[in-house]
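Basis for what follows: all heavy atoms, side chains included, without hydrogens, waters or symmetry-related copies. Letters go in sequence order (proteins before strands), and every chain restarts at 1.
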Protein chains: 4
Amino acid sequence: MARVKTEEKRRAILEAAAAVFAKRGYHATTVGQIAKHLDMGLGTFYRYFQSKLDVFHAVIEEVMGEVTLVLASESPTASTSLSEYRTQVERIARALFAAFQKNRSLARLLFVEAPGISVELNEKLQAAVTFFGSSTQAYLDNGVARGFLRPALDTELTALAINSMIFEGVRHVAAAGEATEVLERWIAASTGLMFEGISIRP
Amino acid sequence: MARVKTEEKRRAILEAAAAVFAKRGYHATTVGQIAKHLDMGLGTFYRYFQSKLDVFHAVIEEVMGEVTLVLASESPTASTSLSEYRTQVERIARALFAAFQKNRSLARLLFVEAPGISVELNEKLQAAVTFFGSSTQAYLDNGVARGFLRPALDTELTALAINSMIFEGVRHVAAAGEATEVLERWIAASTGLMFEGISIRP
Amino acid sequence: MARVKTEEKRRAILEAAAAVFAKRGYHATTVGQIAKHLDMGLGTFYRYFQSKLDVFHAVIEEVMGEVTLVLASESPTASTSLSEYRTQVERIARALFAAFQKNRSLARLLFVEAPGISVELNEKLQAAVTFFGSSTQAYLDNGVARGFLRPALDTELTALAINSMIFEGVRHVAAAGEATEVLERWIAASTGLMFEGISIRP
Amino acid sequence: MARVKTEEKRRAILEAAAAVFAKRGYHATTVGQIAKHLDMGLGTFYRYFQSKLDVFHAVIEEVMGEVTLVLASESPTASTSLSEYRTQVERIARALFAAFQKNRSLARLLFVEAPGISVELNEKLQAAVTFFGSSTQAYLDNGVARGFLRPALDTELTALAINSMIFEGVRHVAAAGEATEVLERWIAASTGLMFEGISIRP
DNA sequence: GATGAATGAGTTTTCATTCAT
DNA sequence: TATGAATGAAAACTCATTCAT
């Protein structure tokens, strides 16, 4: 039971920290502000997290976990045709947007704050980007193998380029406030670019 | 003569600052480190820049200036055919890579550190991103008007998506050390994606 | 209980600050010296006062409060005869001397340091001087109205002149160390001057 | 000739320093400001004065010198009657007011800034006050000896009380801007107080 | 477990003074 | 003699972290 209570409190602190970090940024946030956000003693914070950096790591991991969850819910080899894959991509994109839509500032935290905080964090971020890259690459490889994507595709780097578009989309839409319309336009534009390119078809 | 010397010293401090900022990040950098990097008294720094933030602004503006220079050297309406435009895009990409190749960490500074430092700086960055966006959009509009790009193109958002790919490329190649080979692969992959998309042509 | 302890500590810092300020002057005093005076960490000071200027304001207000208290305990219209008024003046003078006797250097702080520190403080001081002036003027007006003071008296400026004598007396006696004798002489001299003037009576 | 030029320059710096000190106060004044006031190199200052404190001492001595000059132009034993002495006192008061009227802020410098700067300066000021005291006392002793002042006068402390009135008058009139009227009222009020006291004559 | 007072290392910034030109 | 670039000591202030209650 104490276990449960402890876990709950840790979770509460984590969420308060995420909120304050998202609002003020890592450096401008003080541990005192996080504590006050919960009407909690300053010292209590240190019973649940070792340091300010520690809770920031936890927040970032939480966010990365959600992204991972989205990716894990889809299979890279599920699609057998172009249209299936396109549908799958749109589904993934929407899920990612939704994850960040909950708290738009989290995107800023993840993409803007985090890499500048510590080498360790930056490496973790880079690892995640690489992981997302190989994940996307697996989808592309599947498409090439099944013959519905171009055979000459440099799947490794193309995967990175696609991911950058997706994450930029998250950033952009997150910045655009109430954004359902922008979201739809972004998905249309980026999947259009991704699947057909910009040049006119012969 | 004093004028010249002063300008030289200011430049030297600017470059030292850029180096240290790039290496350690804004917050982890102390003015003392910048001074020590030049074997210079701490107070001397303050003869040339008003504050740590001041020199950081100057560094960022310097970098943005170089990017602007690259874009300004090309005309959005110069290309009259698909192949001309594709050549132009590759030329711009190479020039951008070269600009950041001088000091690879500058990309990190610009894209990762800067937005989190001050509201003013963030706005400046956002303005630049928007500007680069409209610039790219002008190229796309030209292509649509001349009939060599898809007529249905959402040129505004597609421009942002393309830019995100390009800047991610800069980041990626910059991170890859000695990188001529990676650069060529990136350019091939991203222009391939950009012009033809990933799907097999009917 | 914490409330009480907090108030006590604040008071202790206030008194330590008064002592150091009185001894070394505002500018020559460092917050570190105040802290060391109490064998206290530097940061602790900033838990109780916002800044060095803040604690100085508090010290000055404390001193001005004591003076105001002395004046408030007497009524300008109480005296109905010359001898009553003379007794009242001596009583006020003694009370003022006593107030500053506790810590002699406070007079220096109030009259010498304070006006040069900040515009705000100077205005507060000027307001106090003006207030003490009108207070004294009320006593003089009472005496004129009751017919025991000279009818032609310029009560406004004469009040200021009298006050300057009194405060100079405070300063002088404060500077004279163990001073009962000097105090008595000063009171005799200044009330003699005040009531009879220096010229021989016809 | 060089001698003369040197003396002139020193004088110019002295006056510039007085002006800036008077305007901004000792601590807020920087040596650079004094130099700029003369369109002069910063280093040049140090060819004429050893330090910032050095020039401040010189400025204060200059002001005290003027006061001394006023006192020296009168003789404590010159007056042989009450009316002669009263005329003499008014003459001295006017001369003192005139000396400070040239630059009103000098009064603030002398009475407010100076005592807080250094122990040495404070002692010099105290010595001056004592000196002015004995000077005034000599006048009073003369009056008592010649029989036109009260024989019981405590001439030492009465002298200090009178001086405090006079200097407070300088301060007050100096603070009152264009002040001929205030000056006349002050002289009337303070000499009235000084010679006749406030009580009605029997 | 909870608290919050105490701490002091670490940073930015100023400016009197020096000294090479 | 004049200059002003260079210097670094000194001071205010912040805040993550500790620990006694």
Side-chain angles (χ1 to χ4, degrees), chain A residues 2 5-6 9 26-36 38-56, chain B residues 1-2 5-6 8-10 13 27-36 38-55, chain C residues 1-2 5-6 8-10 13 27-36 38-55, chain D residues 2 5-6 9 26-36 38-56:
Chain A
K5 265 295 201 59
T6 295
K9 188 107 181 195
Y26 179 78
H27 283 103
T29 294
T30 70
V31 176
Q33 286 163 1
I34 297 174
K36 182 162 287 174
L38 290 170
D39 268 317
M40 181 186 83
L42 170 57
T44 309
F45 173 90
Y46 285 90
R47 301 194 64 78
Y48 294 89
F49 291 94
Q50 285 182 22
S51 67
K52 181 181 162 185
L53 187 56
D54 186 31
V55 77
F56 189 72
Chain B
M1 192 115 88
K5 266 293 201 63
T6 295
E8 261 173 35
K9 187 101 184 197
R10 201 186 137 89
I13 295 176
H27 282 105
T29 295
T30 71
V31 175
Q33 286 163 359
I34 297 174
K36 185 159 287 174
L38 289 171
D39 264 316
M40 184 183 81
L42 178 56
T44 308
F45 173 90
Y46 286 92
R47 291 189 59 76
Y48 293 90
F49 293 94
Q50 285 184 19
S51 67
K52 182 178 155 183
L53 186 56
D54 186 31
V55 77
Chain C
M1 188 116 86
K5 266 294 200 66
T6 294
E8 262 174 35
K9 186 101 185 197
R10 200 187 139 91
I13 295 177
H27 281 105
T29 295
T30 72
V31 175
Q33 286 162 1
I34 297 174
K36 185 161 287 173
L38 291 170
D39 266 315
M40 181 184 84
L42 176 57
T44 307
F45 173 90
Y46 286 94
R47 290 189 59 77
Y48 294 89
F49 293 94
Q50 285 184 19
S51 67
K52 182 179 158 185
L53 186 56
D54 186 31
V55 77
Chain D
K5 265 296 201 62
T6 294
K9 188 106 182 196
Y26 179 77
H27 282 104
T29 295
T30 71
V31 176
Q33 285 163 0
I34 297 174
K36 181 162 285 174
L38 290 171
D39 268 317
M40 183 185 82
L42 170 59
T44 309
F45 173 91
Y46 286 90
R47 302 195 64 79
Y48 294 90
F49 292 93
Q50 284 181 23
S51 68
K52 181 181 162 184
L53 186 56
D54 186 31
V55 77
F56 188 72

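One can place CG of C:L53 at 15 Å from C1' of F:dA11, the figure rounded to the nearest angstrom. The distance from atom CG of B:D39 to atom P of F:dT7 is 9 Å, rounded to the nearest whole Å. The interatomic distance linking A:K36 (NZ) with E:dA2 (P) rounds to 19 Å, in whole Å. Remark: C1' of F:dA6 and CG of B:L38 are 13 Å apart, rounded to the nearest angstrom. At whole-Å resolution of the value, NE2 in A:H27 and C1' in F:dA16 are 12 Å apart. Counting to the nearest Å, the P atom of E:dA16 and the CZ atom of D:R47 are 20 Å from each other. Rounding to whole angstrom units, CZ of residue A:F49 and C1' of F:dT18 are separated by 19 Å. Atom CE in D:M40 sits roughly 9 Å away from atom P in F:dA2 (whole-Å rounding).
Within the 4.0 Å cut-off from OP1 or OP2 of E:dA2, at least one side-chain nitrogen or oxygen of A:Y48 is found. Taking side-chain N and O atoms only, C:T44 has a distance below 4.0 Å to OP1 or OP2 of E:dT7.
Pairing partner, E:dT21: F:dA2, with both Watson-Crick or wobble hydrogen-bond distances short of 3.5 Å. Taking a pair to require two hydrogen-bonding distances under 3.5 Å in either a Watson-Crick or a G-U wobble arrangement, F:dA12 pairs with E:dT11.
Relative to the side chain of D:K52, the nucleotides E:dT17, F:dA2, F:dA5 differ in distance, and E:dT17 lies closest. Across E:dT13, F:dA5, E:dA2, the shortest atom-to-atom separation from the side chain of B:Y46 is found for E:dT13. Of the candidate nucleotides E:dT11, F:dA6, F:dC15, F:dC15 has the atom lying nearest to any side-chain atom of A:T30. The B:L42 side chain lies nearest to F:dA9 when the options are E:dA2, F:dA9, E:dT17.
Residue whose closest nucleotide on DNA chain F sits further toward the 5' end, between B:G41 and C:V31: B:G41. Along DNA chain E, the nucleotide nearest C:K9 and the nucleotide nearest A:F45 are compared for position; the residue whose nucleotide lies closer to the 5' end is A:F45.
Closest of all the heavy-atom pairs between D:T44 and D:M40 is CB-CG, 3.7 Å. Minimum heavy-atom separation, B:F49 to B:I13: CE1-CG2, 3.6 Å. For the residue pair B:T6 and B:Y48, the shortest heavy atom distance occurs at O-CE2, 3.7 Å. Here the closest heavy-atom approach between residue A:A35 and residue A:G41 is recorded as CB-O, 4.0 Å.
A:K52 forms no cation-pi arrangement with A:F45, by the criterion of a distance under 6.0 Å to the ring centre and an angle within 45° of the ring axis.
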